[in-house]
Asker: 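Have a look at this one.
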Number of protein chains: 2
Amino acid sequence: MKKNEIDQLKLNFQQYLKDKGLACTSQRDAIIEHLVKETSHFNADTFVHSLQKKHLPVSRATVYRTLQHLEDAGIIREVAINTSQAYYEFTGRTTHHEHLVCENCGTIIEFVDDQLEERIEQIARLHHLSITRHTVQISGYCRSCHEKQ
Amino acid sequence: MKKNEIDQLKLNFQQYLKDKGLACTSQRDAIIEHLVKETSHFNADTFVHSLQKKHLPVSRATVYRTLQHLEDAGIIREVAINTSQAYYEFTGRTTHHEHLVCENCGTIIEFVDDQLEERIEQIARLHHLSITRHTVQISGYCRSCHEKQ
DNA sequence: TTGTGTGCAAAACATTTGCACACAT
DNA sequence: ATGTGTGCAAATGTTTTGCACACAA
């Protein structure tokens with residue numbers, strides 16, 4: 001991600017905070033700064049750990065609270081990879097996509113498929129649902145895990 | 001669901017238990033018996049409550065443990081409707097289907113779409129994933145909730 | 001009888017919240 | 001200065017687990 005894109009993203013979030021009458025704090029800054037350097041998928045726990053590793057002291061509670069704001073702002077979204085923990089992904093980096101998850105090694109492969117997307121919209125229309133979001137997750141064994149068995 | 005189908009389902013589960021060297025207890029019997037009379041979607045908590053309402057005394061711990069067995073046996077499956085609680089649905093009743101969920105009233109509409117299913121299988125093949133399962137969830141506002149706003 | 005299941009209460013997790021103090025506006 | 005944010009620890013909600021007793025094989 002280019003520097004000007006990062007800056008743009010930070011501005012977006014700052015604008016969101018301002019619009020909502022929320023403050024722009026050093027912790028929120030550290031979180032959004034850190035976000036773009038993270039892997040594409042993370043949960044609250046891995047996020048807290050990676051912040052601590054970089055000596056950015058942000059409490060767990062603040063991470064949870066800020067993750068909520070980032071989701072509201074549309075900068076991250078929750079994806080149903082794991083049911084016991086909330087998984088997030090950064091949406092700023094790419095266009096909308098879906099996931100293939102290997103049940104053995106946990107690898108996540110992202111994909112984009114126009115035909116699939118279009119069919120989903122058709123289905124929503126057919127059932128008179130005013131669609132706001134959707135998720136597709138395909139689970140199985142990736143090539144190398146499949147060969148090992 | 002017809003009586004002989006219910007009996008068949010119970011036999012399936014009993015066979016599964018036997019194969020695994022597990023015991024067939026009155027609690028497990030009560031749970032599977034109750035399952036077919038439940039609404040199509042439920043979670044551990046609603047399940048415990050509805051058992052208690054029918055004066056079937058099964059502890060919460062046993063419900064959790066048995067739900068796990070039922071999932072292993074393929075009689076129920078976990079669906080990612082709600083992230084903070086595990087949601088299950090009974091698979092014996094219908095063929096494979098996906099979900100439309102109203103974000104406002106929580107209504108769940110099930111649908112089957114061959115075109116969508118086929119595309120998902122193609123995508124898995126394309127990425128060399130040996131597919132074991134998949135979920136599609138479309139969220140938005142149902143017709144009546146959309147009109148109210 | 002021998003092993004597995006059950007219920008209870010406690011533990012384990014993930015997440016949220018109340019409160020006193022700190023900081024952004 | 002005023003209101004919002006933060007960190008801490010405690011509370012919450014869901015699910016899992018250790019243990020003593022009960023039941024199925």
Side-chain angles (χ1 to χ4, degrees), chain A residues 10-11 13-34 41-52 54-73 76-89, chain B residues 10-11 13-34 41-52 54-73 76-88 106:
Chain A
K10 287 175 73 173
L11 286 173
F13 189 44
Q14 283 161 10
Q15 188 60 47
Y16 170 85
L17 292 172
K18 192 181 258 178
D19 291 348
K20 292 258 176 178
L22 301 170
C24 183
T25 64
S26 64
Q27 288 88 340
R28 287 177 180 166
D29 226 58
I31 288 171
I32 189 125
E33 183 87 38
H34 191 62
H41 300 88
F42 60 92
N43 58 38
D45 195 58
T46 59
F47 202 80
V48 168
H49 280 115
S50 62
L51 279 168
Q52 287 173 345
K54 299 216 176 172
H55 308 289
L56 298 165
V58 182
S59 75
R60 185 166 290 270
T62 296
V63 168
Y64 275 104
R65 287 186 276 231
T66 306
L67 251 28
Q68 190 58 65
H69 289 310
L70 287 163
E71 193 179 357
D72 293 345
I76 60 174
R77 70 171 181 139
E78 193 175 335
V79 288
I81 301 287
N82 179 328
T83 35
S84 69
Q85 247 175 322
Y87 250 82
Y88 294 94
E89 71 180 5
Chain B
K10 286 175 72 172
L11 285 173
F13 188 44
Q14 283 161 10
Q15 189 59 47
Y16 170 85
L17 292 173
K18 192 180 259 176
D19 291 349
K20 291 259 176 177
L22 301 169
C24 182
T25 64
S26 63
Q27 288 88 340
R28 288 176 179 167
D29 226 58
I31 288 171
I32 188 128
E33 183 89 38
H34 190 62
H41 299 87
F42 59 92
N43 58 39
D45 194 59
T46 59
F47 202 81
V48 169
H49 280 116
S50 61
L51 279 168
Q52 287 173 344
K54 299 215 174 174
H55 309 288
L56 298 164
V58 182
S59 76
R60 184 166 291 269
T62 297
V63 168
Y64 276 104
R65 287 187 275 231
T66 306
L67 251 26
Q68 190 58 63
H69 289 311
L70 287 164
E71 194 181 356
D72 292 345
I76 60 175
R77 69 169 181 143
E78 193 176 335
V79 287
I81 301 287
N82 179 327
T83 36
S84 69
Q85 248 176 322
Y87 250 83
Y88 293 95

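The chains referred to below are lettered A, B, ... by the order of the sequence lines, with proteins before strands, and numbering in each begins at 1.
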Asker: If you only use heavy atoms from C-beta on, which nucleotide in D:dT6, C:dC8, D:dT15 is closest to the side chain of A:Arg65?
Answerer: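 Of all the options, the side chain of A:Arg65 is nearest to D:dT6.
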Asker: Show the numbers, then the answer: is there a side chain to side chain contact (heavy atoms under 4.5 Å, CB included) between A:Val58 and A:Ile31?
Answerer: CA-CA 8 Å; A:Val58 182; A:Ile31 288 171; 3.9 Å; yes
Asker: Between A:Gln14 (CD) and D:dG5 (C1'), how many Å, whole number?
Answerer: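 Distance check: A:Gln14 CD to D:dG5 C1' gives 16 Å.
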Asker: Check the phosphate of D:dC8 against A:Ser59, side-chain N and O only, distance under 4.0 Å to OP1 or OP2. Yes or no?
Answerer: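 Answer is no, no contact under 4.0 Å.
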Asker: Look at the rings of A:Phe47 and A:His34 and say which category their plane angle falls in: under 30° parallel, 30 to 60° tilted, over 60° perpendicular.
Answerer: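 Geometry flag for A:His34 against A:Phe47: perpendicular rings.
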Asker: Without decimals, in angstroms, what is the distance between A:Lys18 NZ and D:dG3 C1'?
Answerer: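 Going from NZ in A:Lys18 over to C1' in D:dG3 covers 17 Å.
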Asker: Is there a side-chain polar atom (N or O) of A:Arg60 under 4.0 Å from OP1 or OP2 of C:dT15?
Answerer: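 Result: no.
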Asker: What's the OH-P distance between A:Tyr88 and C:dT15, to the nearest Å?
Answerer: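 After rounding, the gap between these two atoms is 7 Å.
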Asker: When the distance from OH of B:Tyr87 to C1' of D:dT15 is rounded to whole Å, what number comes out?
Answerer: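 Nearest whole value for this atom pair: 16 Å.
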Asker: Closer to the 5' end of DNA chain D via nearest nucleotide, is it B:Leu22 or A:Gly21?
Answerer: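 The residue whose closest nucleotide sits nearer the 5' end is A:Gly21.
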Asker: Taking atom P of D:dT14 as reference, at what distance in whole Å does atom CD1 of B:Ile81 sit?
Answerer: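 Between P of D:dT14 and CD1 of B:Ile81: 17 Å.
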Asker: Determine whether the side chains of B:Ser26 and B:Asp29 contain a donor N or O and an acceptor N or O closer than 3.5 Å.
Answerer: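 Distance-only check fails for B:Ser26 and B:Asp29.
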Asker: Rounding to an integer number of Å, can you tell me how far A:His69 NE2 sits from D:dT6 C1'?
Answerer: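 For the pair A:His69 NE2 and D:dT6 C1', the rounded distance is 12 Å.
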Asker: Tell me whether the side-chain N/O atoms of A:Gln27 come closer than 4.0 Å to OP1 or OP2 in D:dG7.
Answerer: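 It does, given that an N or O in the side chain of A:Gln27 lies less than 4.0 Å from OP1 or OP2 of D:dG7.
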Asker: Give B:Ser26 one of three labels, base, sugar-phosphate or nothing, depending on what nucleic acid heavy atoms sit under 4.0 Å from its own.
Answerer: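 The answer is nothing, as B:Ser26 stays clear of every strand by at least 4.0 Å.
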Asker: Please confirm whether the shortest side-chain N or O distance from B:Arg28 to OP1 or OP2 of C:dG5 is below 4.0 Å.
Answerer: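 Affirmative; the distance criterion is met.
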Asker: Could you check how far CD of B:Glu71 sits from P of D:dT15, rounded to whole Å?
Answerer: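 From B:Glu71 CD to D:dT15 P: 12 Å.
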Asker: Looking at B:Thr25, I'd like to know whether one of its side-chain N or O atoms comes within less than 4.0 Å of OP1 or OP2 on C:dT6.
Answerer: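 Yes, such a contact exists.
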Asker: Check this one for me: any side-chain N or O of A:Tyr64 less than 4.0 Å away from OP1 or OP2 of C:dT16?
Answerer: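 Result: no.
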Asker: Could you verify whether a donor N or O on one side chain and an acceptor N or O on the other, from B:Gln27 and B:Thr66, lie under 3.5 Å apart?
Answerer: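 No, no side-chain donor-acceptor pair sits under 3.5 Å.
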Asker: What distance do A:His69 atom NE2 and A:Lys20 atom NZ have between them, rounded to the nearest 0.5 Å?
Answerer: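 Nearest 0.5 Å value for the NE2-NZ distance: 9.0 Å.
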Asker: Give A:Ala61 one of three labels, base, sugar-phosphate or nothing, depending on what nucleic acid heavy atoms sit under 4.0 Å from its own.
Answerer: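 Here A:Ala61 touches the bases of the nucleic acid.
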Asker: Round to the nearest Å and state the distance from B:Asn82 atom CG to D:dG13 atom P.
Answerer: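 Computing the B:Asn82:CG to D:dG13:P distance gives 14 Å.
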